[in-house]
Structures are given as structure tokens and as C-alpha cells.
Amino acid sequence: MINIEIPYEKNRRGHYRFFEILPGALSWSMLALPFVLSYFNVRLAAFFMFVYVLVNFARGTAGALRSMQGYRTMKQHQKLPWATLLRELAAAEIPAQAKRPHWHHLAIVQAHERPLLMRPDAVIHAVIIATYKESLEILEPTIEAVRSSDYNARQVLCILAYEGRAGQDIEKQAKQLQKKYKSSFMDFLAIKHPANMPGEIIGKGGNVTYAGRELQKYLVKKKIDPLRVLVTTLDADNRPDKNYLTALTYAYIVCPDPVHSSFQPVAQFSNNIWDPPAPMRVLATGNSLSHLMMSLRSHALRNFSAHAQPMAALIKTDFWSVRTIVEDGHQFWRSYFRFEGNYRVLPLHLPIYQDAVLSDTYWKTLRAQFLQIRRWTYGASDVAYVVHMGFFRKNTVPKRDLIAKTWRLLEGHVTWAVGPLLVLFGGFIPVLFHPKSYGAYQLPVIVSRIQTVALAVAVITVFLSLKTLPPKPLRYKRHRNIFMVLQWAYLPLTTIVFNSFAALYSQTRLLLGRYISKFDVTDKAVVAQTEQGHKTAKL
């Protein structure tokens with residue numbers, strides 16, 4: 001069996017270092033290209049920038065339309081009677097007058113032709129909630145969301161994975177929660193991840209992997225087949241939709257190859273969306289819409305944050321990586337290479353509600369937001385891993401599929417870093433070098449017109465942002481609704497500072513070999529109303 005672990009930093013040499021350098025080198029080269037072309041050939045520079053802006057405009061338009069489709073699909077799935085669908089699936093029969101989705105009819109037909117993986121009541125859900133120093137105000141709503149699911153809680157193992165390095169108060173809190181909720185589930189486990197485990201970087205990967213290994217021992221002790229167990233990982237602030245576990249059960253037992261599949265719900269950063277500063281609200285909403293769009297692009301879907309995978313598969317991958325700060329996205333590649341390319345992420349069109357970034361001060365919030373996106377953009381480190389595993393190690397992964405996935409990974413991270421900068425400013429570069437050139441002079445005009453049309457497309461984004469808002473808390477006045485629209489004036493600034501700059505920072509660190517080897521936990525604060533009517537942010 002091949003070793004699927006990412007190499008230690010000291011062992012990254014030769015071709016591995018080259019492909020770590022590549023994303024940053026390409027991004028900086030792309031930023032330099034308009035200047036170089038403008039110096040040598042202004043027409044070519046103008047043509048390059050025109051095509052680049054036009055392609056990005058087409059992508060943005062398609063993304064906005066896909067987001068609308070994703071939102072509609074998610075709402076449709078939230079309204080479905082999943083418990084009823086599950087009972088019909090087990091009976092392989094639909095009542096004569098019942099209106100059901102087309103895919104449900106197909107599943108019933110397949111249930112007659114091919115037995116289900118198992119009966120719905122045989123499936124056990126293990127929900128691992130990873131926590132560091134989050135307060136009860138953050139953790140309890142997450143546990144309550146799992147408990148109040150439209151699913152039999154006696155088929156749910158709730159696992160609180162807490163960090164030993166967080167101190168005695170957090171351990172006491174974990175034991176308190178275990179005592180309170182143990183009777184509410186099949187079982188409630190509080191598992192402490194010891195500090196300074198050898199071979200691990202400080203991060204979520206080590207925590208949930210330790211919890212997963214303890215869960216494996218628990219299942220052996222209880223004589224539970226790992227194939228019966230579906231594992232969902234949640235952050236401390238993740239609150240699954242009430243139908244999530246039922247829909248996940250449905251998807252699992254009808255899946256033709258469940259061990260080689262994982263299931264990805266739709267991340268929605270809206271738990272506290274009314275509370276953070278406007279720039280954070282814009283970023284959180286933009287990320288939510290992006291995940292709605294990605295839920296319809298199954299060929300490009302990857303594990304992100306909260307996701308589910310069969311315990312039988314996790315055992316084969318030795319759970320998650322303990323050597324990277326992006327253990328969620330990296331889990332896709334670990335599974336992809338462990339199963340020789342026979343692995344896919346299936347969309348689950350139901351939301352997992354998460355917090356937008358909020359700390360106890362404005363400047364701490366800005367810093368926490370940058371660190372969060374820096375961690376996401378550090379997924380560029382997977383480029384070297386994928387090339388190394390796919391092209392420099394013996395495997396039977398289909399090369400056409402591997403090439404397509406590698407290109408999509410590399411191009412996506414480079415575009416993340418340079419796309420907004422080139423679209424906003426690239427059109428003005430040729431005229432700086434050749435102010436008398438007709439082509440260079442016309443380019444900013446053409447780009448401005450394209451951007452004007454893009455503003456009309458942005459209306460879709462604003463409309464969807466309002467549609468996805470949860471009810472306004474009573475502590476806010478009616479004029480808060482106006483600010484939820486005006487906040488989109490921040491979009492160009494937030495896109496550049498918190499996306500482009502964060503991606504460039506991560507890629508430059510990789511380029512220089514200055515690895516990010518510590519998981520910066522995102523601050524999670526709760527806004528509370530004081531007796532005097534003032535709002536306070538409590539970590």
C-alpha cells in the first residue's frame with residue numbers, strides 16, 4: 001500500500017520544491033505580464049488584457065447564475081420530507097398519489113434491481129465536533145442543532161474533540177457537556193487530543209484524526225461494523241440543517257460505491273451574519289454564494305470544512321492528514337490517491353450553517369478574517385503533493401482525469417491570487433507605457449464598459465445575499481437592512497485585500513519555503529445584549 005502522507009518539510013526537495021514554487025511563480029509572472037507586454041508590444045498587451053477581462057466577466061456571470069440555481073436547489077431540498085423518502089426507500093414503494101422528485105423514483109426502481117447497502121435504521125452517524133477554546137455560547141447551539149435533527153438521535157454518536165493544549169477550563173467544559181448530553185444520543189464522547197504529538201503540526205487535522213482513531217477503538221469494542229458508520233466533521237460553530245442526517249443516510253445507502261465517495265453539504269456563513277463589520281459580511285456572503293455555485297459543479301467539488309465520509313474509508317486513509325493546515329481539502333487528494341483515482345465528492349444540497357468571522361474588536365476581526373482566508377489559500381500547497389503522488393509515484397490513477405484535476409487546482413489558485421487585480425487594474429497598464437496608442441487608450445474604456453455590465457450582474461449577487469439572510473435580530477433597527485445592501489460597495493476592496501493579497505501571501509510563503517505550519521484558529525465571538533441595551537462581542 002502506497003504512503004499517502006504529505007512529506008515533512010525537511011524532505012521536500014527537487015521536483016516537490018519546484019511545484020511548491022510554481023503557483024507563486026505563475027501568479028507573480030501573471031501580474032508582471034501586462035507590464036512586460038506593454039513595454040515590448042502594446043497591441044499584444046491590450047489584446048491579452050481584453051481577453052482576460054472578458055473571460056473573467058463570462059466566468060462571473062456564469063457563477064452568479066449558478067449561484068441562483070444552487071440556492072433554488074438547496075431550498076427545494078430543504079422542503080423535501082426526507083424522513084418519508086427514507087421510509088419509502090426502505091419499503092421500495094411510493095404511494096400512488098404522492099409527488100416525488102424524479103431521482104427518488106429512480107432510487108426506488110434501483111432498490112428493486114439492486115439491494116440497498118443497508119436498511120436506514122442500520123446507519124450510525126458519528127458527528128465529530130472539533131473545538132479549541134470556543135465558549136459554551138458557541139458549542140451548545142452546534143450540539144443542539146445535531147440533537148434536534150429530524151433523525152433518531154439514538155443512531156447518532158456525538159464526539160467532542162477538544163485540545164489538551166487549551167487547558168483545564170476547556171477540559172472541564174468538555175466533561176460538563178458530556179454529562180449533560182450523554183443521554184441525548186447513542187453516546188457522547190469527549191476525546192482530548194494530547195498536546196505535542198510527534199509528527200503533527202498544530203491544527204485541526206491532528207485533533208479530528210486522534211478522535212477518529214479513538215472512535216475506531218470504540219467501534220471495535222462495541223462490535224460495530226465500520227461500514228455502518230458515517231463520520232461528519234464539524235467546526236465548533238457548524239450547525240447542520242435539520243434534514244442533514246436524514247438526507248445523508250439516504251445518499252449513503254443508495255450510493256453505488258459509498259466507500260469511495262464522500263458527501264459535501266453546502267457551507268453557508270450566516271449564523272451571525274447581522275453582527276460582523278460590513279467587510280466581513282460581504283466576504284461571508286460571497287463565500288456562501290460561491291459554495292452554492294460549487295454544489296452544482298460536481299466534477300470540481302472538493303471536501304471543505306464540514307463533510308462526511310464512511311468510517312470504512314477513513315480507516316483506509318488513516319483518517320485526515322496531521323501535517324497540513326488544510327486537512328479538509330487535502331482529504332480529497334489523500335482519498336483520491338488511496339483509492340487509485342476511484343473517488344468522488346457527491347453534493348448534498350443541504351446547508352451547514354457557519355459563523356462569519358467576528359472577534360471582540362474591529363481590528364482583531366480584520367486580522368482573523370485575513371488569517372482564515374490565508375489558511376484556505378494555502379491549499380496551493382496541494383499542487384506539489386498532487387504532482388508528486390500522481391506523476392512521480394507508481395499508481396494506476398487515470399492520467400487524463402489526473403491532468404484535468406491538476407490543471408483545475410493550479411489554475412484556480414493562480415486566478416484566486418491575480419484575477420481581481422488584473423480585472424480591476426490591468427486594463428490601465430498599457431496606456432501608462434503608450435499614452436498615444438489608440439489601442440492602449442481605448443482599452444480602459446472597453447474594460448470600463450464590461451465592468452459596467454458586470455454591475456448589472458452584481459445585482460444578482462445582492463438579491464441572493466438578501467434572500468439568504470436569516471431573520472434580523474431584534475437588537476437591530478430597520479435601517480440595518482439598508483446597510484446590508486450598501487455594504488456591497490466594499491466588494492472591490494475586500495476581494496483584493498482578503499482574497500488576492502491572502503492568496504499571494506500564501507503562495508509567496510510556499511515559493512520561499514517559509515511554510516505555514518500552525519493552524520490559526522478563527523476567532524468566534526457571540527454578540528450579546530446587555531441590560532443597558534449595548535451590544536458586546538464575547539469570545
Side-chain angles (χ1 to χ4, degrees), residues 23-24 27-28 31 60 63 67 132 203-205 235-238 266-273 275-294 302-306 324-330 352 354-359 361-383 409-424 461 465 487-488 490-511 514-525:
S27 291
W28 286 110
L31 290 176
S67 295
Y132 177 44
K204 178 183 171 184
D235 287 343
D237 62 315
N238 293 180
V266 186
Q268 294 291 283
F269 299 86
S270 58
N271 282 339
N272 61 343
I273 194 65
D275 298 324
M280 277 65 261
R281 297 199 301 268
V282 170
L283 284 162
T285 305
N287 288 328
S288 296
L289 299 184
S290 175
H291 286 287
L292 284 170
M293 179 265 293
M294 287 300 297
R302 300 288 180 267
N303 301 114
F304 176 82
S305 189
T324 178
I325 63 170
V326 283
E327 88 299 325
D328 49 358
H330 186 69
I352 297 283
Q354 306 186 28
D355 284 0
V357 174
L358 176 63
S359 190
T361 69
Y362 186 89
W363 293 109
K364 282 185 180 180
T365 299
L366 294 179
R367 181 178 182 275
Q369 180 69 83
F370 186 86
L371 291 177
Q372 183 189 65
I373 298 181
R374 185 188 74 172
R375 184 176 72 248
W376 295 350
T377 59
Y378 199 68
S381 59
D382 279 333
V383 171
L409 175 67
L410 177 61
E411 188 272 337
H413 279 283
V414 171
T415 300
W416 200 342
V418 306
L421 290 169
L422 289 181
V423 167
L424 287 172
T461 301
S465 73
Q487 69 188 19
W488 288 97
Y490 280 105
L491 183 60
L493 181 64
T494 56
T495 302
I496 290 173
V497 174
F498 293 99
N499 281 296
S500 284
F501 287 176
L504 281 170
Y505 181 88
S506 295
Q507 292 173 25
T508 303
R509 290 281 295 257
L510 278 171
L511 188 153
R514 298 182 61 192
Y515 302 109
I516 303 175
S517 300
K518 180 178 177 295
F519 187 106
D520 291 295
V521 179
T522 303
D523 286 348
K524 295 177 173 68

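Computed from a predicted structure; not experimentally measured. Numbers here simply count residues along the sequence, with the first being 1.
Using modelled atom types, no side-chain atom of Q507 and backbone atom of T377 make a donor-acceptor pair closer than 3.5 Å. No donor-acceptor pair under 3.5 Å is formed between the side chain of S506 and the backbone N or O of A503. S67 contributes a side-chain N or O that, together with a main-chain N or O of L289, makes up a donor-acceptor pair within less than 3.5 Å. Between the side chain of T324 and the backbone N or O of E327, no donor-acceptor pair lies under 3.5 Å. With N272 contributing its side chain and A356 its backbone, the two residues share a donor-acceptor pair below 3.5 Å. Side-chain N or O atoms of N499 include none that pairs as donor or acceptor with a backbone N or O of I496 at under 3.5 Å. Side chain of R375 to main chain of D520: a donor-acceptor pair is present (N/O by atom type, distance under 3.5 Å, no hydrogens or angles).
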Q | Steps toward side chain to side chain contact (heavy atoms under 4.5 Å, CB included) verdict (S305, I352) | A | CA-CA 10 Å; S305 189; I352 297 283; over 6 Å; no
Q: Show the numbers, then the answer: is there a side chain to side chain contact (heavy atoms under 4.5 Å, CB included) between V418 and W28?
A: CA-CA 8 Å; V418 306; W28 286 110; over 6 Å; no
Q: Kindly indicate, with the supporting measurements, whether the criterion side chain to side chain contact (heavy atoms under 4.5 Å, CB included) is fulfilled by W488 and S465.
A: CA-CA 10 Å; W488 288 97; S465 73; 3.4 Å; yes
Q: Determine, step by step, whether L421 and L504 satisfy the side chain to side chain contact (heavy atoms under 4.5 Å, CB included) criterion, reporting the C-alpha distance in whole Å, the side-chain angles of both residues, the deciding distance to 0.1 Å, and the verdict.
A: CA-CA 11 Å; L421 290 169; L504 281 170; 4.0 Å; yes
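Counting heavy atoms from C-beta outward, T522 and L371 have side chains that stay 4.5 Å or more apart. When side chains are defined from C-beta on, P420 does not count as touching F501, because their heavy atoms never get closer than 4.5 Å. Y378 is listed as a side-chain neighbour of L510, based on a closest heavy-atom distance under 4.5 Å. With contacts defined as side-chain heavy-atom distances shorter than 4.5 Å, the pair I325/S517 does not qualify. Between Q268 and Q354 the shortest side-chain heavy-atom distance does not fall below 4.5 Å. With a 4.5 Å cut-off on side-chain heavy atoms, M280 and T365 count as touching. With contacts defined as side-chain heavy-atom distances shorter than 4.5 Å, the pair F498/L493 does not qualify. With a 4.5 Å cut-off on side-chain heavy atoms, L422 and L31 count as touching.
Ring geometry for F304 against H291 counts as tilted: the plane angle lies between 30° and 60°, on a 0 to 90° scale. Under the 30°/60° scheme for interplanar angles, the aromatic rings of F269 and W376 are found to be tilted.
Residues satisfying the side chain to side chain donor-acceptor pair (under 3.5 Å) criterion with D355, sequence neighbours excluded, are N271.
Under a cut-off of 6.0 angstrom, the local environment of CZ in R509 is crowded, with over 12 non-hydrogen atoms contributed by other residues, nucleotides or ligands.
Between S27 and W416, the side chains place no donor N or O within less than 3.5 Å of an acceptor N or O (distance only, hydrogens not considered). A donor-acceptor contact under 3.5 angstrom links the side chains of E411 and T415, judged on distance only.
We find that D328 and R302 are not joined by a salt bridge, their nearest charged nitrogen and carboxylate oxygen being 4.0 Å or further apart.
A side-chain hydrogen bond (donor to acceptor under 3.5 Å, both in side chains) check over residues 276-289, counting only residues at least two apart or in different chains, returns the pairs R281-Q487.
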